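Notes to accompany the following structure.
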Amino acid sequence: MKSPAHILRRLLARRTERIRRARFKRSLRHLHGPKVPDIARDEVLAIVLVRNGSYHMDAFLDHYRAMGVTHFAFIDNGSTDDTIARIKAEPNTIIDQSTLPLAAYEDLLRQYPAQTYGRDRWCLYVDMDEMLDFEGRSAIGIKGLTTYLDAQGATALVAQMLEMFPKAPLNAVMDFTYQQAVEEFEYFDISAVKRFDYHSADIPFSALLSENKIPTEEIKFYFGGVRGKVFGENCCLTKHPLIFNAQDVTPAPHPHVSMGVRCADITAVIKHYKFAGNSVARDRASISSGDLAHGEDAARAAVLSDAPDVSLFSLEARRWNRVELLIRAGFILGSERYSSYLAKVSP
């Protein structure tokens, strides 16, 4: 029998959660786009949490439209630049806004577009500084990928984040446009990646993964990487960026994962351009806002304050060539089934 104190704590937690959700609902503003968008069942809805994303806009949209994504639902967290105006000028876009702090409301911010516009559809969770890539992307596009996932009965694709950086010190490239950064940040370093079993109890949010299904134990969760090596960050590098938002799926209770999913037998890569532009100024702004739940920005700021000419490049860095080489390196997974599928459907 549960103690009265335990019961009281549960009742208080439920009340607190009801209040939190009610506050979030009151904070929402629909700024742009149809409230009932015309998105076909075989189309993918990109869901993007954004704040001051104008710097990334052109290259971001170009990348995802090139792979066949045509619908974008942005959830704005209080942009003060021209992000909202620029999104409004783009076709097939939706903007909702809530300015509540990320630390307490990020799960609701990320869930809202999926539950409002993306039910019973494939939803692609990506941030503005992330470029999803996968084997066969140029040949089959995003619809070819989801066709494969559907045939497999999968409702999620796991992807590993790959931090991209230049050979030069970070302070030497802070004036680059985002497109320049995408072109010039040619290097990555996977020498310090820490790997955990998908259902390891050592993963801080392992409870969220407990009901998820994986077809092979080769699918791992990664932490650290070059940001751990240089800045001491224990950042999570694994995500579920692509999910089918079915009735039994809970989208994005954590920025990196969804619950109730069946993962595919392949994994993808997310090329991450965290250090494009003036990343130091962005970190200082996030620290001063006080609305982030982790200390990663502070860890980077501390290192960069002592060594402003820091570089992520080292002798262990590798130059980007193509996504298939990451399979050979064991960083992401391919499968014989997927290779056979690509051979049949690729032009």
Side-chain angles (χ1 to χ4, degrees), residues 122 124-126 130-137 139-140 142 144-164 188-229 234-244 246 249 252 254-272 316 318 320-346:
W122 284 100
L124 176 63
Y125 276 100
V126 283
E130 297 177 348
M131 300 288 198
L132 178 72
D133 203 354
F134 52 90
E135 185 183 6
R137 172 179 61 86
I140 66 171
I142 195 73
L145 177 61
T146 56
T147 297
Y148 175 78
L149 301 182
D150 284 332
Q152 210 184 38
T155 56
L157 176 73
V158 171
Q160 309 295 357
M161 296 183 69
L162 192 70
E163 199 66 56
M164 305 302 298
F188 62 91
D189 181 353
I190 57 176
S191 63
V193 170
K194 296 179 288 184
R195 306 182 185 217
F196 296 83
D197 289 343
Y198 186 96
H199 289 115
S200 170
D202 293 327
I203 297 173
F205 44 86
S206 60
L208 301 179
L209 304 170
S210 61
E211 300 300 319
N212 291 354
K213 308 298 182 185
I214 54 172
T216 171
E217 294 298 324
E218 292 184 75
I219 296 178
K220 306 292 185 182
F221 254 79
Y222 296 172
F223 286 82
V226 71
R227 284 164 59 187
K229 180 178 176 180
N234 190 35
C235 48
C236 179
L237 305 178
T238 304
K239 283 192 170 186
H240 298 142
L242 185 61
I243 64 163
F244 188 82
V249 170
H254 180 281
H256 284 242
V257 304
S258 292
M259 295 170 60
V261 298
R262 298 183 299 278
C263 299
D265 65 344
I266 59 170
T267 62
V269 64
I270 297 172
K271 296 170 76 174
H272 192 207
E316 293 171 307
R318 305 186 191 185
W320 172 266
N321 186 296
R322 61 188 187 275
V323 69
E324 287 76 12
L325 295 183
L326 294 177
I327 299 174
R328 297 184 194 176
F331 186 74
I332 64 173
L333 296 181
S335 75
E336 291 185 8
R337 180 176 177 178
Y338 187 61
S339 294
S340 297
Y341 170 75
L342 289 178
K344 290 178 183 177
V345 303
S346 298

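Numbers for residues simply follow the sequence, beginning at 1. Predicted, not measured: the structure shown is a model, and the values here were computed from it.
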*Donor-acceptor pair, S210 side chain versus A207 backbone, under 3.5 Å?*
yes
*To the nearest 0.5 angstrom, please state how far the CD atom of E217 sits from the NE2 atom of H199.*
8.0 Å
_Test log, rule side chain to side chain contact (heavy atoms under 4.5 Å, CB included), inputs I243 and Y125_ = CA-CA 8 Å; I243 64 163; Y125 276 100; 4.1 Å; yes
*Taking all non-hydrogen atoms of both residues into account, name the closest pair between P241 and L132 and its distance.*
CG-CD1, 4.3 Å
*P215 to A264 - nearest heavy-atom pair and separation*: CG-O, 3.5 Å
*Is any side-chain heavy atom of I327 less than 4.5 Å from a side-chain heavy atom of L333?*
no
*Could you pull out the closest heavy-atom pair between G144 and Y341, with the gap in Å?*
O-OH, 2.6 Å
*Beyond-backbone contact of H240 with C263, side-chain heavy atoms, under 4.5 angstrom*: yes
*Roughly how far apart are S258 OG and L208 CG, rounded to 0.5 Å?*
9.5 Å
*Heavy-atom pair of closest approach, residues A329 and R318*: CB-NH1, 3.5 Å
*Roughly how far apart are E130 CD and K239 NZ, rounded to 0.5 Å?*
3.5 Å
*Below 6.0 angstrom between ring centroids: does that apply to Y198 and F221?*
yes
*Who are the side-chain contact (heavy atoms from CB on, under 4.5 Å) partners of A192, not counting sequence neighbours?*
K229
*Between D265 and I214, does a side chain to side chain contact (heavy atoms under 4.5 Å, CB included) hold up when you go through it step by step?*
CA-CA 8 Å; D265 65 344; I214 54 172; over 6 Å; no
*Does the side chain to side chain contact (heavy atoms under 4.5 Å, CB included) test come out yes or no for V269 and F188, once each step is laid out?*
CA-CA 12 Å; V269 64; F188 62 91; over 6 Å; no
*Kindly determine whether I266 and R337 satisfy side chain to side chain contact (heavy atoms under 4.5 Å, CB included), including the steps that lead there.*
CA-CA 9 Å; I266 59 170; R337 180 176 177 178; over 6 Å; no
*Ring geometry between F244 and W122 (parallel below 30°, tilted from 30 to 60°, perpendicular above 60°)*: perpendicular
*Measure the acute angle between the ring planes of F223 and F196, then classify it against the limits of 30° and 60° as parallel, tilted or perpendicular.*
perpendicular
_Side-chain heavy-atom pair L326, W320 within 4.5 angstrom cut-off_ = yes
Mind listing the side-chain donor-acceptor pairs of residues 154-163 below 3.5 Å, one per line with the distance, residues two or more places apart or on another chain?
from : atom 1 : to   : atom 2 : distance (Å)
T155 : OG1    : R262 : N      : 2.8
Q160 : OE1    : T238 : OG1    : 2.6
Q160 : NE2    : K220 : O      : 3.1
E163 : OE1    : R227 : NH1    : 3.4
E163 : OE1    : H272 : ND1    : 3.0
E163 : OE2    : K274 : N      : 3.1

*Kindly give the heavy-atom pair with the smallest separation between V261 and N212, and that separation in Å.*
N-OD1, 3.1 Å
_As an exercise, state the distance from CG of L149 to CG of L242, rounded to the nearest 0.5 Å._
6.0 Å
*Fit a plane to each ring of F331 and Y222, take the angle between them on a 0 to 90° scale, and name the class: parallel (under 30°), tilted (30 to 60°) or perpendicular (over 60°).*
tilted
*How long is the span from the OH atom in Y148 to the NZ atom in K344, to the nearest 0.5 Å?*
11.0 Å
*Are any of the side-chain heavy atoms of K194 and N234 separated by less than 4.5 Å?*
yes
_Closest heavy-atom pair and its distance - E135, S339_ = OE2-OG, 4.3 Å
*Enumerate the residue pairs fulfilling salt bridge (charged side-chain N to carboxylate O under 4.0 Å, His left out) with a member in residues 198-213, sequence neighbours excluded, ordered by first and then second residue.*
none
